[in-house]
Structure formats: structure tokens, C-alpha cells
K.L.:
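Below you'll find the structure I mean.
Chain identifiers are assigned alphabetically (A, B, ...) following the order of the sequence lines, protein sequences preceding nucleic acid strands; residue numbering begins at 1 within each chain. Bear in mind that the values here come from a model prediction, so they are computed numbers and not experimental data.
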Amino acid sequence: MYQGSYRITRLLLCFIISSLPMSSLQAAKPDRRVYENEVLKLSVTPRTPQQMAAFYEGRGFPSEAIALTRTACFFTIGIHNKSRDILWLDTANWKFHTTTGPLKRISRDEWKHRWQELELPLSYQSTFRWTLLPARLDFQPDEREGGNITLPRTDKPFSLRATFATGVDKQGPRIDVLMEDLRCAEDKP
Amino acid sequence: MKKLLLGIMLFVCSHSLLAEDLSPPKGVIAITPRPAPPLLLQNMDGEKFDLSKAGKQWAFVHFWASWCGPCRREMPTIQVLIAELAGSPLTFAIVNTAESDDTVFSFLASVAPEINSLMDYDGLVTEAWQPRGLPSTYLVDPQGTIRYVVIGGQAWHSREYQDFLRQLTRNGK
């Protein structure tokens, strides 16, 4: 009896999950979030301070620079333009909000200022820049690009609202993405 | 009159055949031509390379870094491409962005040991070219104008890409 009801529950869950619409937010992995429709696939993966430290340490970054990366909240973004038209990325319209107010993204300029204060050699500054998501890009058909976005660390959940224009002249249908309950990843104890 | 018309038709048709409209393979995008930024670097042996003095021929300019996954997959195909197109009027400038000799040496030794990369140690040359991301490839014509950009990593060892580059350099446009 117990096994029978378990099987029915599993079947029910499978039915519910399989009937979700495609243009939906998917929990592909516990941490990774994915938005996908016929035009855009957007993935957002939180990275722990340790993951980012290990990456930059592997690139030979000095310890002071790595310490600075630990103060930020990193997300690796993946974007795929699945359409035959242009898809426009502009991170200036990406808005992050906690329940108490906006969360301002750490911009490229701000990182540049931080690295200059630290007198970080240009090679490391360059490498860091190239690991960031482009601020603006006209995604060509089938183009995939990615990179990191960074926020001040917070233990509060927050939302991301991102808008993508489409079409050569940006006059095509707009894509609005809302992801809620995002969280900065923490190192495992 | 008929002979004149026939002559004109033959001229137009032959000119069209000779023009050979190039159809770029997947990922190769024809762009609004713009002058290529300077590219003056040296490789790990200290040999200097100046794109402006590379001779009146097409150039394949490629930016990469060892930490980028698509770069790792693409580099062996570029090695094959260079070997297959040896002797053709195509200059190769393979540029590492902002890494050390040790990093580049270790990386290339494992994925493409025949390639001797140019070294953009401080990343400033790469910055000037403004790639869309890494890896990025540009095709620069004999007049020093960027005519094509390549989106992401491609299978340069395949016949489709090699034929395109052969045709490009053969036309000499």
C-alpha cells in the first residue's frame, strides 16, 4: 500500500512538472536558474567566494585582489540567442531588488577604480574584465556569450528584472525576464 | 546590334561568374568595413610582428586566453588550419590576452604545440580591437580593413572554413 501510493505520487509529480510551459523559469540545478523561450536562453548561476577565489588564484592573481573578489557576490550569466534576429543585451536595464530596496550592480568602471587603487597590474585587470559579462552586445543569430555580473554581498534574497530588445532596429518584441528569490552563494562550512 | 547585345550579355555573365560571391560559413559575419587597430606585438621567442607590415594579403587575427573553454576547443583546429593553408597568402596573428609565458607555454604544449602565439601581456592591444568576447577572430583585408568577424569558436579544421579562406585569399578582394 505504501509503495503503491509512493508510485502514484511520483507519477503525479512527473505529470505536473511536464505540463509546465516552456517559457518558464526552470530550476535546472538547485542553484542554477534558467529562463528560456523560443528566442532567448538565459542562465544565472551563483558562485561562491571560494569558487571565484580559486579561479582567480589559478590565474595568478595576488592575494589582495582575491580578497577583494570575496567581498562581492558573483553570478555567471549565459546567454544564447536562439532566434534568427538580433537580440540586444544592455545590462544598464538590469535591475536588482531586495525586499528593502534596490541592489546596485558593481560596474566595470567601479572594478577598474578598485583595481587601480590596489595598483593591480594591467594584465590581471584585463583578465578580470574579460571574465565579466559584456555590458552591451548585439547578439547575432545563434550567438552564445557569457560572463560574470557582480553585486555587493547580501544575505537577503533579491530579484532580477532584465529586458532584451529584439530586431535590427530594436523594434521587435521585447523580452522581459523576472527572476525572484536569487541569493548570493555562500562557501560551504 | 544583336552581336553588340550578345557581347554585352557575355561580358556581364562572365564578370558575375568571376566575382564569385562569397558565402561565409556559420559564425563568420561580414561587417561594415572599418580600419584594423594597430597590432604590434612579439611572440614568446621575442620575434616582433607588425600587422601593418605583414604584406599585402589577408590576415587571420585571433584573440584567446587559456581560461576560456571555447578557446581550448578551438585552438587545435587553428593549428590544423595553419598547416593546411601553409603557403597561401594568409597571415596568421594568434594573440594571447594578458597571460604569462609560462601559462601560454603550458597551455599550447597540451593543445596546439605548433602554434607560437603573440603575447599581449597587458591586454591593451586586445582592448583596442574590442572583441565581442574570447575567443574572437577577425579577417582583415590586404588594405588593413576588418571585413569579417567570427562569432565564438569555430571548427577551422573543417573543409567549409578552409575553402572559404582559400577563396577569400584567392580573390584578393
Side-chain angles (χ1 to χ4, degrees), chain A residues 43 45 47 51-62 65 69 76-89 91 108-109 111-112 115-116 119-149 168, chain B residues 23-32 34 41-42 44 62-74 95-107 117-138 148-155:
Chain A
S43 67
T45 307
R47 301 293 187 195
Q51 284 175 318
M52 297 317 302
F55 177 85
Y56 291 114
E57 193 174 12
R59 313 273 84 73
F61 275 52
T69 68
T76 300
I77 307 294
I79 297 173
H80 177 203
N81 176 12
K82 298 165 58 180
S83 75
R84 294 185 179 187
D85 208 340
I86 308 295
L87 175 77
W88 297 87
L89 165 69
T91 56
R108 283 168 170 263
D109 283 345
W111 278 111
K112 185 176 178 179
W115 298 138
Q116 285 172 343
E119 295 181 333
L120 188 68
L122 287 179
S123 59
Y124 298 119
Q125 291 191 45
S126 176
T127 294
F128 185 84
R129 269 200 310 278
W130 286 110
T131 63
L132 295 177
L133 183 71
R136 282 173 298 281
L137 195 65
D138 53 339
F139 277 76
Q140 301 298 306
D142 201 35
E143 185 172 6
R144 299 162 199 258
E145 298 288 350
N148 296 322
I149 54 165
V168 171
Chain B
S23 297
K26 182 173 175 288
V28 181
I29 313 285
I31 63 164
T32 305
R34 64 176 192 266
L41 293 168
Q42 59 187 34
M44 283 188 290
H62 178 79
F63 294 93
W64 69 280
S66 68
W67 48 263
C68 109
C71 300
R72 178 174 287 271
R73 288 189 289 276
E74 191 184 34
V95 181
N96 175 264
T97 300
E99 297 189 289
S100 67
D101 285 359
D102 283 348
T103 299
V104 169
F105 184 82
S106 300
F107 176 83
S117 180
L118 298 171
M119 302 296 287
D120 181 17
Y121 292 110
D122 56 16
L124 292 178
V125 169
T126 308
E127 195 79 15
W129 281 70
Q130 297 182 347
R132 300 169 71 79
L134 295 180
S136 265
T137 304
Y138 298 84
Y148 297 90
V149 297
V150 185
I151 306 293
Q154 304 300 334

K.L.:
How far apart are the closest heavy atoms of A:Ser126 and B:Gly123, and which atoms are they?
P.N.:
OG-CA, 3.5 Å
K.L.:
Side chain, backbone, both or neither: which part of A:Phe128 has a non-hydrogen atom closer than 4.5 Å to chain B?
P.N.:
neither
K.L.:
Which residues satisfy the side-chain hydrogen bond (donor to acceptor under 3.5 Å, both in side chains) test with A:Thr127, sequence neighbours excluded?
P.N.:
none
K.L.:
Answer with side chain, backbone, both or neither: which region of A:Asp142 has an atom nearer than 4.5 Å to a non-hydrogen atom of chain B?
P.N.:
side chain
K.L.:
Counting only heavy atoms not in B:Arg72, do more than 12 sit closer than 6.0 Å to its CZ atom?
P.N.:
no
K.L.:
When you look at CD of A:Gln116, are more than 12 heavy atoms from neighbouring residues, nucleotides or ligands closer to it than 6.0 Å?
P.N.:
yes
K.L.:
Say you draw a straight line from CD of A:Glu143 to CD1 of B:Ile29; how long is it, rounded to the nearest 0.5 Å?
P.N.:
8.0 Å
K.L.:
Roughly how far apart are A:Trp130 CH2 and B:Trp67 CH2, rounded to 0.5 Å?
P.N.:
8.0 Å
K.L.:
Taking side chain as everything from C-beta outward and backbone as N, CA, C, O, which of these in B:Pro131 sits under 4.5 Å from a heavy atom of chain A? Side chain, backbone, both or neither.
P.N.:
both
K.L.:
Return the CD1 to CD distance between B:Ile151 and A:Glu145, rounded to the nearest 0.5 Å.
P.N.:
7.0 Å
K.L.:
Side chain, backbone, both or neither: which part of A:Tyr124 has a non-hydrogen atom closer than 4.5 Å to chain B?
P.N.:
neither
K.L.:
What part of A:Arg144 gets within 4.5 angstrom of chain B, counting heavy atoms only: side chain, backbone, both, or neither?
P.N.:
neither
K.L.:
With a 3.5 Å distance limit and no angle check, can you tell me whether A:Arg59 reaches the backbone of B:Glu99 through a side-chain donor-acceptor pair?
P.N.:
no
